Amino acid sequence: MTDAHSHDLEAFEAMVPVIIEAVPQEDILSAFTCYIGPVISSAEDPNEVRIAVDEILHRYGVPTPGL
């Protein structure tokens, strides 16, 4: 994983609790996908980023189907 992707994941992790509080429950996955989707698609190893995202969301109790 590149430093840029690591930084993006750190920023994403900081945003997760804010998104959970601010976004209606039915729109949470869409909000996460808007931010993290481009990070996943630009990664050398998208699966590595997906796993990291799943781990982050799991810590906050958010299911991750389709990310």
Side-chain angles (χ1 to χ4, degrees):
M1 186 176 323
T2 67
D3 287 343
H5 288 115
S6 292
H7 177 72
D8 287 337
L9 286 171
E10 288 174 15
F12 177 71
E13 186 162 13
M15 292 172 29
V16 168
V18 175
I19 291 171
I20 290 171
E21 288 295 318
V23 175
Q25 185 70 32
E26 64 272 9
D27 296 329
I28 285 178
L29 285 178
S30 295
F32 291 143
T33 303
C34 285
Y35 180 80
I36 207 67
V39 176
I40 291 171
S41 63
S42 68
E44 287 180 16
D45 184 357
N47 287 329
E48 182 181 24
V49 175
R50 278 190 194 96
I51 290 167
V53 168
D54 285 348
E55 290 171 355
I56 292 167
L57 294 177
H58 179 73
R59 283 195 290 273
Y60 290 94
V62 179
T64 56
L67 285 180

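Values below: all heavy atoms of this structure, side chains included; hydrogens, waters and symmetry mates excluded. Predicted model only: the values in this text are computed from it and were never measured.
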List the atom of V18, the atom of A14, and the distance in Å for their closest heavy-atom pair. CG2-O, 4.1 Å
Would you call the rings of Y35 and F12 parallel, tilted or perpendicular if under 30° counts as parallel and over 60° as perpendicular? parallel
Please tell me whether I36 and V23 are part of a single hydrophobic cluster in this structure, the criterion being side-chain heavy atoms less than 4.5 Å apart. yes
Rounded to the nearest 0.5 Å, the CD1 atom of I19 sits from the OH atom of Y60 at a distance of 11.0 Å
Atom CG of L57 and atom CG of L29: how far apart are they, to the nearest 0.5 Å? 7.5 Å
Sorted by chain and residue number, the side chain to side chain donor-acceptor pair (under 3.5 Å) partners of S30 (sequence neighbours excluded) come out as none
Pairwise salt bridge (charged side-chain N to carboxylate O under 4.0 Å, His left out) hits with a residue in residues 10-26, at least two apart: E13-R59
Testing the basics here: between L9 and V49, what is the closest heavy-atom pair and its distance to 0.1 Å? CD2-CG1, 4.2 Å
In Å and rounded to the nearest 0.5 Å, what is the CG to CE distance from D8 to M15? 10.0 Å
Of all the heavy-atom pairs spanning P46 and I40, show the shortest one and how long it is. CB-O, 3.5 Å
Begin from the C-alpha positions of V53 and F32 and carry the test side-chain contact (heavy atoms from CB on, under 4.5 Å) through to its verdict. CA-CA 10 Å; V53 168; F32 291 143; over 6 Å; no
